[in-house]
Amino acid sequence: MPPPIGGHGARGFMSEEEKASLPKVTKALLLRVFSYLRPYWKQLLLALLCIILSSVFVLMPSILTGKIIDEGLIGRNLRALIFYLALSFAVTLGANLIQVAESYINTWIAQHITFDMRNAMFAHLQKMSQRFFTTNKQGDIITRMTGDIAGVERVITDTFSSILSNAITLVVALVAMYQKNWILATLGILIVPAFTLPTRKAGRTRWSITRDAQACNDEINGILNETMSVSGQLLVKLFGREQAEYDKYKDANGRLIRLNIKESMAGRWFRVVLSLFTNIGPMLLYLVGGILMMRYDSKITVGDISVLVALLGRTYGPVNNLLNIQVEWMRSMALFSRIFAYFDMPVEIENAPDAVTPAQAQGNIVFDHVDFAYDPDRPILRDVSFTLKSGNSVAIVGPSGSGKSTIINLIPRLYDVTGGAVTFDGVDVRQLDLAFLRRNVGVVTQDSYLFNGTIRENLLYAKPEATEEELLAACDKANILDFIQAQPQGLDAMVGNRGLKLSGGEKQRISIARVLLKDPALLIFDEATSALDSISESRIQQAIDPLIESRTSILIAHRLSTILAADEILVVKDGRIVERGVHRELVAAGGVYTELYETQFSRAFYEQTAPAEDADSLEIHYENKAYDL
């Protein structure tokens, strides 16, 4: 019997999007694909042997049918009948056992290849610069790592093996048919295309309906994701949109039901036609075979005709599958092309061949006429030069988008300069060993990221071998020890996904403790307190102040209290350092810093340090603070 319509046949058609993105199959691409199979060539040979034996064994019962009829039944030979029946059972059992072995070998090969590819992809992506992760969607990256590479397993276990097994089965069946009678064999070959035409037509119809149903299902999932999330449900309730969202869901759900029914009923008339061809084929063979046997005294027997009918039925599936295999093959090549596209992305940030690893880090930083641009036609930093000596601190201030964070990203080589140089203890950071450089640069960002685990696990991320005493000491310096000791589980308290069980201030102080465990030569605070309330900011400031006094530090902040702790203030605007100096000098200069002070710094500082007063008193206080501090 032929395979059901809408099964493999439905996969034999491509969407317009797939057709538009088809890769060009070249010799180089094929060689690259098969290079992943090369390490497992012994297992592949064994799998090929299993496929050949399985294909032959599967057809043996059909071939033995002739012997059973001619020698056993018509010849009234019980011994021959039992022998051929037993042999037919044995080869059927053997075929099934061989197919199990083949499936295991194919799965083993596929799993090991995907294991190799996942490891290689993960290692490759770990080397990519920050630019890669900011320009590519996270969902796309994860899809390449999971869905695309998982698809390789299906390619090996399904597509490759399907091509071989169907081709071998078809060849063996045709050879066996022609050995019996070339006239009936030729007639059978002419019948098979008539069977496949309605199969493919029905497949196209069902594929179209399936595609529409999938689009409708995606719409339903989108509604559920938006309305069933915590934030989405809050918005729905606050705006009283429950009925509207229900109506939207009901409409999409109704369309999906109708499409599912249509899909289920699709191809019924084609099934009728297929059923006719399935039965007409054997009827024609019986008719022509009977004429040959009765009118022309042909040597053909009843058993031979039965064998040919059985073998004809065995050719339907392989022919149909091979007609569809081109689409599966092209999809497989598209899958490999997507994976190779990621592998071919150049690693922008990597160790120099002669990378330097100093014995000790001091933390002296020099920016020497640095230029930087994400895109050549859109410069971000222009001719930035400054020096930070070990033990000192510098604050970088400026309007949003002026390039402050970009400056600090160049130090640990999250990006590389496009002009000039950044040196660390007198060595260009591009010549330093990456592991050494990043081990000696600690960064606390505005958005503190915590893994879904315990406080201990998040701290140990910085120093896996840290002792309990070191953990507690770091927490004490970060002004978070009291909070941890107040937790029933202490350091083993869970922080939740992205630290959602903690407040912003608590997350930030744990982040500071984590950085302190690294014991870096250079500490960088990038807007570490900008998104916090005044109480949380105060506690973090209490943790930061002694660190600034004892370590080489770079501070990016909007808070005056943080800025005042620095030895020097750099004012950045439009990617350039336009002013530098100490607070009193910069305020008196009447430039960019003065404007920032009047609009941001002074009011934020007063709100933390002064009691509430009327508006006039506030303004007087700001003026006095500008010159007292």
* Structure fact -> Of all heavy-atom pairs linking Asp567 and Asn392, the shortest is OD2-CA, 3.2 Å
* Asked: Can the positive tip of Arg580 be found less than 6.0 Å from the middle of the six-membered ring of Phe386, inside 45° of the ring normal?
  -> no
* To do: Quick one: closest heavy-atom pair of Arg413 and Val429, and the distance?
  => CD-O, 3.2 Å
* Asked: Distance-only, no hydrogens or angles: does the Arg509 side chain make a donor-acceptor pair with backbone N or O of Asn479 under 3.5 Å?
  -> yes
* **Between CD1 on residue Ile380 and CG on residue Asp574, distance to nearest 0.5 Å** => 10.5 Å
* Show your working on side chain to side chain contact (heavy atoms under 4.5 Å, CB included) between Tyr593 and Ile563 and close with a plain yes or no. => CA-CA 11 Å; Tyr593 185 85; Ile563 296 167; 3.8 Å; yes
* To do: Could you tell me whether the side chain of Ser385 and the main chain of His369 form a donor-acceptor pair under 3.5 Å?
  => yes
* From Tyr597 OH over to Leu586 CG, what is the distance, rounded to the nearest 0.5 angstrom? -> 12.5 Å
* **Check: Ile524 and Leu522 side chains under 4.5 Å, non-hydrogen atoms** => yes
* Asked: Just wondering, do Gln489 and Ile455 contact through their side chains at under 4.5 Å, heavy atoms?
  -> no
* Asked: Taking all atoms of both residues into account, what is the closest heavy-atom pair of Arg438 and Pro412, and its distance?
  -> NE-O, 2.9 Å
* Asked: Do Leu471 and Leu460 come close enough that some side-chain heavy atom pair is under 4.5 Å?
  -> yes
* Glu468 bridged to Arg456 by N-O distance under 4.0 Å -> yes
* Asked: Side chains of Leu432 and Pro358: does their closest heavy-atom pair fall under 4.5 Å?
  -> yes
* Spacing of CD1 belonging to Ile365 relative to CZ belonging to Phe424, to within rounding of 0.5 Å -> 5.0 Å
* Asked: Distance-only, no hydrogens or angles: does the Glu470 side chain make a donor-acceptor pair with backbone N or O of Thr467 under 3.5 Å?
  -> yes
* Structure fact -> Tightest non-hydrogen contact, residues Val495 and Thr454, listed as CG1-C, 4.2 Å
* Atom CD1 in Ile396, atom CD1 in Ile556: separation rounded to 0.5 Å? -> 5.0 Å
* **Donor-acceptor under 3.5 Å (Asp425 side chain, Gln362 main chain)** => yes
* Indicate the atoms forming the closest heavy-atom contact of Arg576 with Arg382, along with that distance. => NH2-CD, 3.5 Å
* Asked: Crowded around Lys463 NZ? As in, over 12 foreign heavy atoms under 6.0 Å?
  -> yes
* Is there a side chain to side chain contact (heavy atoms under 4.5 Å, CB included) between Asp476 and Leu472 once you walk through the steps? -> CA-CA 6 Å; Asp476 186 34; Leu472 296 176; over 6 Å; no
* Test log, rule side chain to side chain contact (heavy atoms under 4.5 Å, CB included), inputs Met494 and Asn452 -> CA-CA 7 Å; Met494 297 294 295; Asn452 190 0; 4.1 Å; yes
* Asked: Are any of the side-chain heavy atoms of Asp492 and Glu457 separated by less than 4.5 Å?
  -> no
* Step by step, work out the side chain to side chain contact (heavy atoms under 4.5 Å, CB included) result for Ile408 and Leu414. => CA-CA 9 Å; Ile408 63 170; Leu414 298 182; over 6 Å; no
* Tell me, yes or no, whether the heavy-atom count around Lys518 atom NZ, taken from other residues, nucleotides or ligands under 6.0 Å, exceeds 12. => yes
* **Any Leu381 side-chain heavy atom under 4.5 Å of Leu410 side chain** => yes
* Asked: With Phe367, which of Leu388, Thr423, Ile411, Thr387 fulfils side-chain contact (heavy atoms from CB on, under 4.5 Å)?
  -> Ile411
* **Under 3.5 Å: donor-acceptor pair, side chain of Lys404, backbone of Pro399** => yes
* Counting heavy atoms not belonging to Tyr374, are there more than 12 under 6.0 Å from its OH? -> yes
* N/O donor-acceptor pair under 3.5 Å between Asn351 side chain and Leu434 backbone -> yes
* Asked: Phe525 and side-chain contact (heavy atoms from CB on, under 4.5 Å): which partner among Val443, Thr445, Ile512, Val515?
  -> Ile512
* Asked: Does some side-chain heavy atom of Ile510 sit less than 4.5 Å from a side-chain heavy atom of Leu459?
  -> yes
* **Val427 side chain reached by Phe436 side chain, heavy atoms, under 4.5 Å** => no
* Structure fact -> d(Asp247 CG, Glu242 CD) to nearest 0.5 Å is 11.5 Å
* Asked: Could you give the distance from CG (Leu517) to NZ (Lys477), rounded to the nearest 0.5 Å?
  -> 9.5 Å
* Could you tell me whether Tyr246 atom OH has more than 12 heavy atoms of other residues or ligands within 6.0 Å of it? => no
* **Expected output: side-chain Gln233 to main-chain Thr227 donor-acceptor under 3.5 Å** => yes
* To do: Would you list the pairs meeting ring-ring contact (aromatic ring centres under 6.0 Å, His included) in which at least one residue belongs to residues 454-473, sequence neighbours left out?
  => Phe451-Tyr461
* Would you confirm whether Asp433, through its side chain, and Val356, through its main-chain N or O, come within 3.5 Å as a donor-acceptor pair? => no
* Asked: Are there more than 12 heavy atoms of other residues, nucleotides or ligands under 6.0 Å from atom CZ of Arg32?
  -> yes
* Compare every heavy atom of Cys475 with every heavy atom of Leu491, then report the nearest pair and how far apart it is. => CD2-SG, 4.3 Å
